[in-house]
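This report refers to the structure that appears directly beneath it.
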Amino acid sequence: MKSNIRVRFAPSPTGPLHIGGVRTALYNYLFAKKHRGKFILRIEDTDRSRYIKGAEEYIMESLGWCGIRVDEGVNEGGDYGPYRQSERKDIYSKYASMLLESGWAYEAFDTPEELEILRKSHEEKGNTFVYDAKIRGKLKNSISLPADEVSRLHSEGVPYVIRFKMPVNEDIEMNDLVRGNIIVNSGTLDDKVLYKSDGMPTYHLANVVDDHLMEISHIIRGEEWLPSLALHVMLYRAFGWEMPSCAHLPLLLKPTGKGKLSKRDGDKLGFPVFPLYWPYGETASGYREEGYFPEAFVNMLALLGWNPGTDKEIFSMNELIEEFSIDRVGKSGARFDPEKARWFNHQYMQILQVQKIAAEYVKIVGNKGYEIDIKRASELVEMVRGRVDLISELWHQTDFFFKGPEIYDEAAVKKRWKDDSPFQMQELRSVLKAIISFTSDETEREVKKWIQENDYGMGDVLNAFRLIIVGELRGPHLFDIIAFIGKEETLKRLDKGLECLS
RNA sequence: GCUCCGUUCGUCUAGUGGUUAGGACGCAAGGUUUUCAUCCUUGUAGCAGGGGUUCGAUUCCCCUACGGAGUACCA
C-alpha cells in the first residue's frame with residue numbers, strides 16, 4: 001500500500017446525491033481516515049448541459065450532515081486544485097494533445113448526426129454500431145483521411161472530437177480490490193471519445209488525468225464503472241503513468257423487483273432515496289427531514305455492502321473508521337431495506353444522548369406552536385424514546401402533553417367508558433386532589449391503593465383515566481404523564497372529561 | 001445482441017473441503033404491561049440448477065439459468 005493514501009469522491013452536479021453516492025463517499029472517507037490519508041471532493045462538471053444549479057451545494061451539505069469531512073475540495077482548497085473540472089479545461093486539452101502526438105489518440109470529424117444514422121442502420125440489421133478498430137478506417141478521422149484533408153478541415157474550423165485509439169487485439173489485465181483479477185481483450189472495446197467538440201473532456205480523460213495529477217492512490221467507486229476500467233487502464237498505460245489501486249463497490253438495489261435503486265422506488269414505497277430534501281424542480285424527500293439521525297443513516301449505509309465479520313451492528317463513525325476494510329466489502333448488489341433503516345434509527349433513538357434528541361425535539365415543538373425548554377423536553381424524550389423510530393414520530397407520542405383532548409376517540413370510549421366510569425373518575429379526582437406531592441410514584445401508589453381498597457378493576461379505572469387525559473388509548477406510563485402535566489392540569493382534564501363523557 | 005460483474009433464509013449478511021450452515025431485520029408465538037409501543041424468550045426460513053474434481057462439496061472448476069451494470073461528443 002502506498003504511504004500517502006489519497007482518495008476522492010467525484011460526483012457530478014446533475015441533481016441530488018443518491019444514497020448510493022453517499023455510500024461511495026462514505027467508503028472513500030472511511031478508507032482515507034483509517035489510513036490517515038486525505039479525502040478529496042472533486043466536482044465532475046464536464047457536461048455543461050446536465051449541470052443543475054444547487055446540486056454542488058447539496059452534495060456538500062449532504063456530506064456535512066453525514067459527518068463526512070472533506071480534506072481537499074472546492075470549499076476547502078488544497079495543493080492540487082482547482083477541484084472543479086470545469087476550471088481545469090486547459091489541463092485536459094494539453095493531455096489530449098499529448099495522446100494525439102504519441103499516436104494513442106486521433107481526431108474524428110464525424111458529426112453526432114452521422115453517427116446516429118450509422119447506429120440506426122446497424123440497429124435495423126440487428127447489430128450494434130461501435131466506433132472501433134475494425135471500422136475507424138472507414139470513418140471521417142485523422143487515421144482514415146489524408147493529412148492535407150485533415151488540415152483543410154482544421155482550417156475550415158470543422159468541429160472534431162478526440163478518440164482513444166484502442167489496440168486491435170490485446171489482453172488487458174486489471175486488478176480490482178473487491179473482485180480480483182479481470183482480463184478483457186481490447187478487441188471488444190471501442191474508441192471512446194476523450195475530448196468533446198465543445199472543448200471539454202469526457203469523464204474518461206478527465207478522471208484519469210485528475211486522479212494522476214491529484215496523486216490519488218485508490219479509486220473507490222461504483223460498480224457501474226467496471227466496464228470502463230479497461231479503457232482507464234489503457235489510458236494510464238498510454239500516458240505512462242502508474243495506475244492507482246481500485247475498488248468497485250457493489251450496487252444498491254431496489255427493495256422489491258429488479259434493478260438498481262431509483263427515486264421512483266422511494267416515491268412508490270414511501271422512503272427517501274436521498275440524504276436531504278431536494279427543493280428544486282421535481283422535489284424529493286430526504287432522510288434528514290424524515291427524522292433520521294445522521295449517525296443511524298451512516299451506520300445503515302456502511303453495513304450495506306460491507307460488514308466487519310462480527311455480530312456487531314451499531315457503529316459510531318470512529319468505530320467504522322477503525323474497523324473498515326476493503327477486504328470485507330461484498331461483491332454482490334445489496335438490496336436496500338427501508339425497514340432495517342428504521343430499525344437502525346430506533347437503536348440510535350435509544351443510545352444517543354437525550355439532550356441531543358431533545359434539541360431536535362424542541363424545534364418540532366416550536367413548529368407546532370408550543371414552547372418547551374430543553375430540560376422539560378429531555379424529560380419527555382426520555383419518556384417516549386423507546387416507543388419511536390424517527391425523530392418526526394416524537395410529536396405524535398407527546399402532543400397530549402401540550403393540550404388536553406378536544407375529542408375522545410370513539411372506539412376507545414365505547415371500549416373503556418363504562419357505567420361505573422363517571423363515578424369512579426369522580427372519586428379518582430378526589431384522591432388525586434388530596435395528593436400534595438404530585439409525583440409519578442406518589443400518585444401511582446395512592447391511586448392503586450384506592451383501587452384495591454374499593455376492589456375496582458385496575459384496567460377499568462386506568463383506561464378510563466387514560467382516555468380522559470390523552471383522549472385515546474395510547475401514550476407512556478399514565479402516572480408519568482400526569483406528573484408531567486401537573487396536578488392542576490390533571491384535575492382540569494378530569495373535569496372536562498367527566499363533563500363531555502357523562 | 002455484445003462485453004464485464006455477480007448468485008447463502010423474504011432482506012442485509014457470517015462461514016468452512018467434513019458445521020446442528022451462525023447473526024441481524026422482518027414475520028409468528030409466548031412472556032412483561034393500565035393503553036399503544038418498547039423490551040425479553042422461543043420459533044420461522046437459505047447454500048439457484050446441472051455436471052465434474054474429491055473419500056467427501058455450500059465451499060474448487062465448467063456449463064446453464066437468473067440478476068445487475070456497461071454498450072453516448074453523460075457521468
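We name chains A, B, ... by the order of the sequence lines, and we start the count at 1 in each one.
- Residue A/Glu410 places its CD atom among 12 or fewer non-hydrogen atoms of other residues, nucleotides or ligands, all under 6.0 Å distant.
- In this structure, A/Arg221 reaches neither bases nor backbone, as no heavy-atom distance under 4.0 Å exists between it and the strands shown.
- Between A/Leu205 atom CG and B/A72 atom P the separation is 18 Å, expressed in whole Å.
- Among B/C12, B/A75, B/C4, the nucleotide with an atom closest to any side-chain atom of A/Ile182 is B/C4.
- B/C74: no Watson-Crick or G-U partner with both key distances under 3.5 Å is found in any strand.
- In the interface, the side chain of A/Thr128 is paired with the base of B/G1 through a donor and an acceptor atom under 3.5 Å apart.
- In this structure, A/Val161 reaches the bases: a heavy-atom distance under 4.0 Å links it to at least one base atom across the strands shown.
- One atom, NZ of A/Lys418, and another, C1' of B/U34, lie 12 Å apart when rounded to the nearest Å.
- Straight-line distance from the CZ atom of A/Phe315 to the P atom of B/A24: 14 Å, rounded to whole Å.
- Here B/U35 is the nucleotide among B/U35, B/U13, B/A75 with the atom lying nearest to any side-chain atom of A/Leu473.
- Within a 6.0 Å radius of CD in A/Glu406, no more than 12 heavy atoms belonging to other residues, nucleotides or ligands are found.
- Comparing atom distances between the A/Lys196 side chain and each of B/U35, B/G6, B/C73 picks out B/C73 as nearest.
- For the pair A/Thr202 and B/A72, the criterion of a side-chain N or O lying under 4.0 Å from OP1 or OP2 is not met.
- Nearest nucleotide to the side chain of A/Leu304, out of B/U3, B/C12, B/A14: B/C12.
- Atom CZ of A/Arg264 is surrounded by 12 or fewer heavy atoms from other residues, nucleotides or ligands within 6.0 Å.
- Rounded to whole Å, the separation between the P atoms of B/G52 and B/U44 comes to 35 Å.
- One can place CG of A/Leu269 at 19 Å from P of B/G10, the figure rounded to the nearest angstrom.
- Nucleotide B/U33 has no partner under the Watson-Crick or G-U criteria, as no pair reaches both atom distances under 3.5 Å.
- Side-chain N/O atoms of A/Asn307 include one lying less than 4.0 angstrom from OP1 or OP2 on B/A14.
- The aromatic rings of A/Phe274 and A/His18 sit perpendicular, their planes meeting at an angle over 60°, well past the 30° parallel limit.
- Using a 4.0 Å heavy-atom criterion, one finds that A/Thr14 contacts no nucleic acid atom at all.
- Residue order along RNA chain B, read from the 5' end via each residue's closest nucleotide, puts A/Phe479 first among A/Lys192 and A/Phe479.
- Both cation-pi conditions hold for A/Arg163 and A/Tyr131: the charged atom is under 6.0 angstrom from the six-membered ring centre and inside a 45 degree cone around its axis.
- Among the nucleotides B/C73, B/U38, B/C5, the one closest to the side chain of A/His346 is B/U38.
- Checking B/U34, B/G26, B/C73 against every side-chain atom of A/Asn463, the shortest atom distance belongs to B/U34.
- Here B/U71 is the nucleotide among B/C12, B/U71, B/C73 with the atom lying nearest to any side-chain atom of A/Val130.
- In this structure, CD1 of A/Ile351 is placed 18 Å from P of B/U38, rounded to the nearest angstrom.
- Closest to the side chain of A/Leu462, out of B/A75, B/U34, B/G68, is B/U34.
- Across all strands shown, A/Pro476 has heavy atoms under 4.0 Å from base atoms, whether or not it also approaches the sugar-phosphate.
- Remark: the separation of the P atoms in B/C2 and B/G10 is 32 Å, to the nearest Å.
- Comparing B/G68 with B/G30, their P atoms are spaced 40 Å from each other, to the whole Å.
- The separation of B/U7 from B/A48, taken at their C1' atoms, amounts to 7 Å, rounded to a whole angstrom.
- Heavy-atom contacts from other residues, nucleotides or ligands closer than 6.0 Å to NZ of A/Lys403 number more than 12.
- The separation of B/A29 from B/C12, taken at their P atoms, amounts to 25 Å, rounded to a whole angstrom.
- The distance from atom CG of A/Leu249 to atom C1' of B/G70 is 17 Å, rounded to the nearest whole Å.
- Under the Watson-Crick or G-U wobble criterion, with both distances below 3.5 Å, B/C27 is paired with B/G43.
- Nearer the 5' end of RNA chain B, as judged by each residue's closest nucleotide, is the contact made by A/Gly330, out of A/Gly330 and A/Leu478.
- Classified by interplanar angle (parallel below 30°, tilted 30° to 60°, perpendicular above 60°), the ring pair A/Phe423/A/Tyr456 is perpendicular.
- Considering A/Tyr292, A/Phe271, A/Trp278 in turn, A/Tyr292 is the only one that fulfils the ring pair (Phe, Tyr, Trp, His ring centres under 6.0 Å) rule with A/Tyr287.
- Using cut-offs of 30° and 60° for the angle between ring planes, the A/Trp306 and A/Phe315 rings count as perpendicular.
- Distance from the side chain of A/Leu226 is smallest to B/C4 among B/U34, B/C74, B/C4.
- Taking a pair to require two hydrogen-bonding distances under 3.5 Å in either a Watson-Crick or a G-U wobble arrangement, B/U3 pairs with B/A69.
- The interatomic distance linking A/Met349 (CE) with B/A37 (P) rounds to 18 Å, in whole Å.
- Look at the C1' atom in both B/U33 and B/C9: the space between them is 32 Å, to the nearest Å.
- A/Asp45 comes within 4.0 angstrom of nothing in the nucleic acid, heavy atoms only.
- Taking 3.5 Å as the limit, the base of B/C74 and the side chain of A/Arg50 contain a donor-acceptor pair of atoms between them.
- Taking atom CZ of A/Phe344 as the reference point, atom P of B/G26 lies 11 Å away to the nearest angstrom.
- Here A/Arg342 lies out of heavy-atom contact (under 4.0 Å) with every strand.
- Closest to the A/Glu313 side chain, of the nucleotides B/C4, B/A24, B/A69, is B/A24.
- When the C1' atom is used for both B/C47 and B/A21, the distance is 8 Å, rounded to whole Å.
- Among the atoms of the strands shown, only primed sugar atoms or phosphate atoms (P, OP1, OP2) are found under 4.0 Å from some heavy atom of A/Pro201.
- In terms of phosphate contacts, A/Arg335 brings no side-chain nitrogen or oxygen within less than 4.0 Å of OP1 or OP2 of B/C25.
- Rounded to whole Å, the separation between the C1' atoms of B/G43 and B/C25 comes to 16 Å.
- Dashed line: the shortest gap from a side-chain N or O of A/Arg163 to OP1 or OP2 of B/C73 is under 4.0 Å.
- Summarising the base pairing, B/U54 is matched to no nucleotide, lacking a Watson-Crick or G-U wobble pair whose two defining distances lie under 3.5 Å.
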